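Some notes on the structure that comes next.
Keep in mind that this is a model prediction, so the values were computed, not measured. Reminder, nothing fancy here: chain letters follow the sequence lines and each chain counts from 1.
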Protein chains: 2
Amino acid sequence: MGTPELTDEYDRFFDELSRLPDINLCIEKICSEFKIQFVTYHLAFHEGKAIDSPYVRTNYPADWVSQYLTNDYVEIDPVAQSGFKRALPCLWSDLDWSSDKSVDFKNDAQKHGIGTSGYLVPITDRRRRRAIVNFASSAKESIWSHKINDISLLLQECAEILHRKAIVDLYGTDDEKPALSPREIQCLTWVAQGKDASSIGLILGISEHTVRDYCKSAKHKLGCSTMYQAIHKATMLRLIDPDSLN
Amino acid sequence: MGTPELTDEYDRFFDELSRLPDINLCIEKICSEFKIQFVTYHLAFHEGKAIDSPYVRTNYPADWVSQYLTNDYVEIDPVAQSGFKRALPCLWSDLDWSSDKSVDFKNDAQKHGIGTSGYLVPITDRRRRRAIVNFASSAKESIWSHKINDISLLLQECAEILHRKAIVDLYGTDDEKPALSPREIQCLTWVAQGKDASSIGLILGISEHTVRDYCKSAKHKLGCSTMYQAIHKATMLRLIDPDSLN
DNA sequence: CACCAACCCCCTAAATTTGGGGGGGTGAGT
DNA sequence: ACTCACCCCCCCAAATTTAGGGGGTTGGTG
């Protein structure tokens, strides 16, 4: 829908982008192609890693990256906070910047040379991994929003490419994380909340037998011998997300 | 054991340190007191947080912090890798720096002005939270190791203080994370591995009834109504650590 | 000294899960 | 036309968990 011919025009660009060996090179190429100042790819939820650390690739200046990390700005930054929850792209200006902490954060960002115009593209892939891609600029908001109007689909495609590259970078071609069906995830999630099969059946409006079937198949897909193990593994893999139940 | 009188001498210093309002101030104070170049506090395992991010406080230069984050050095750095596994403090020089990646990492660190002498203090608290505290210097290794010989106990005390401050900073005074007994954690961990009560009894050399009792008490401590929920919560809280089973 | 938590052991009836099996139906992709 | 993933429903016997009880020792702390 929209502007397919525009996307076609850029086919070669996207093809070249996909072939680049490194995400940082991709970021550079995107910046120069679209005259964007900063591009950031941020994958949350490193499943299975022993030590918490996000997968971040960016051309933000080093002091801002450092500042962001050592001040736990990810807990404050409205872009990250809503980016990992919402599904649709949006302009930074559409987010809620009203809290005091947000204002302080914004000021600090400006001090570090980060403009206030930006475009946020959230990603949720088939395996329920979530990432955000940000395109930032020091252009005036009015100019920026017009620009985004024109190239939003292209930037979304760029975001997808970055995500695919990140996943290959992290997990190689064979991706261990099983793709459970929505129903299977719902059932596991409710089980992890302490509900039994019959309650879950009532909640989801299906029979308790069906709930058991979903648990069974989920367990098999996860390669587990007991449901306890399945719950553990699903939790580790971040397949279970209690937040998604309202 | 060792030098209790040395610790007594520093009572006032530790007292002052504890009263500082901010971890960064603590780090400064420690640096000037002991003539240390860099101090880093690094807490892994942010339980319950929506987005992966470590709690890091350091006076390393910003470009090194940024470089460390955006290159996933935590996956390579032998200090972090073994620091989150081992129990006892050690000199950086005692770690395994033989792999190619370690060498590259070390060189990059030196380029950013980080010396090769350091002292690593791992922390595991009552609630199984793990952190590492690093004291770094550009002094020659021979001089550094003599110095550490003298002040290792003091630095360990500093590390403890930093950890307490971090926990208060993160969770306030009331800490939600329940302290399960070692046996309870063992049983939960084995359940999460897919073992049933009788197998676990054999593994741990206790009766299966006892195993069930531990599961029961763990479940209650976690405030859960089913074992599935308990496994989920324990996994989220990082109480279950399969690595600890050999 | 008492007290408490951690550790250890055992029992039973009732409820639940498990692991098999058996049916359907849809929609997407080949 | 076919397969495959997803969605939905059901049955049953065997195994397991659950939620109550009942014991006990040890070691540390007020």
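As rounded to whole Å, 15 Å separates atom P of dC8(D) from atom CD of Glu208(A). The interatomic distance linking Glu184(A) (CD) with dC6(D) (P) rounds to 6 Å, in whole Å. What separates NZ of Lys221(A) from C1' of dC7(D) is a distance of 11 Å, to the nearest Å. Protein atom CE of Met227(B) is 14 Å distant from nucleotide atom C1' of dA19(D), rounded to whole Å. Summarising the geometry, the separation between CG on Asp196(A) and C1' on dT18(D) is reported as 12 Å, rounded to the nearest angstrom. Atom NE2 of His220(A) and atom P of dA5(D) are 15 Å apart (whole Å).
Taking 4.0 Å as the cutoff to heavy atoms of chain B, we find the contact window on DNA chain C bounded by dA6(C) to dT18(C).
For the pair Lys216(A) and Arg212(A), both in contact range of DNA chain C, the more 5′-proximal nearest nucleotide belongs to Arg212(A). Nucleotides of DNA chain C nearest to Pro182(B) and Tyr228(B) differ in position, and the one nearer the 5' end is that of Pro182(B).
In this structure, Val191(B) and Ile231(B) approach most closely via the heavy-atom pair CG1-CD1, 3.8 Å. Closest approach of Thr226(B) to Lys219(B), counting heavy atoms only: C-CD, 3.6 Å.
Within the structure, a side-chain polar atom (N or O) of Thr210(A) is placed less than 4.0 Å from OP1 or OP2 of dC9(D). Using a 4.0 Å cut-off, some side-chain N or O of Ser207(A) falls inside it from OP1 or OP2 of dC10(D). For Arg183(A), a side-chain nitrogen or oxygen approaches OP1 or OP2 of dC8(D) to under 4.0 Å. Side-chain N/O atoms of Ser181(A) include one lying less than 4.0 angstrom from OP1 or OP2 on dC7(D).
Residue Lys165(B) places its NZ atom among more than 12 non-hydrogen atoms of other residues, nucleotides or ligands, all under 6.0 Å distant.
With 3.5 Å as the limit, one finds no donor-acceptor pair spanning the side chains of Asp15(A) and Ser18(A).
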**Report entry** Test salt bridge (Lys or Arg N to Asp or Glu O under 4.0 Å) applied to Lys29(B) and Asp22(B), step by step
**Finding:** CA-CA 11 Å; Lys29(B) 196 177 171 70; Asp22(B) 186 72; over 6 Å; no
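Electrostatic pairing of Asp213(A) and Lys216(A) counts as a salt bridge here, judged by a charged N lying under 4.0 Å from a carboxylate O. A salt bridge links Asp52(B) with Arg238(A): the distance from a Lys NZ or Arg NE/NH1/NH2 to an Asp or Glu carboxylate oxygen falls below 4.0 Å.
Put simply, the side chain of Asp213(A) and the base of dC8(D) share no donor and acceptor less than 3.5 Å apart.
Among the protein residues, Ser225(A) comes within range of the sugar-phosphate backbone only, with heavy atoms under 4.0 Å from sugar or phosphate atoms but none that close to a base.
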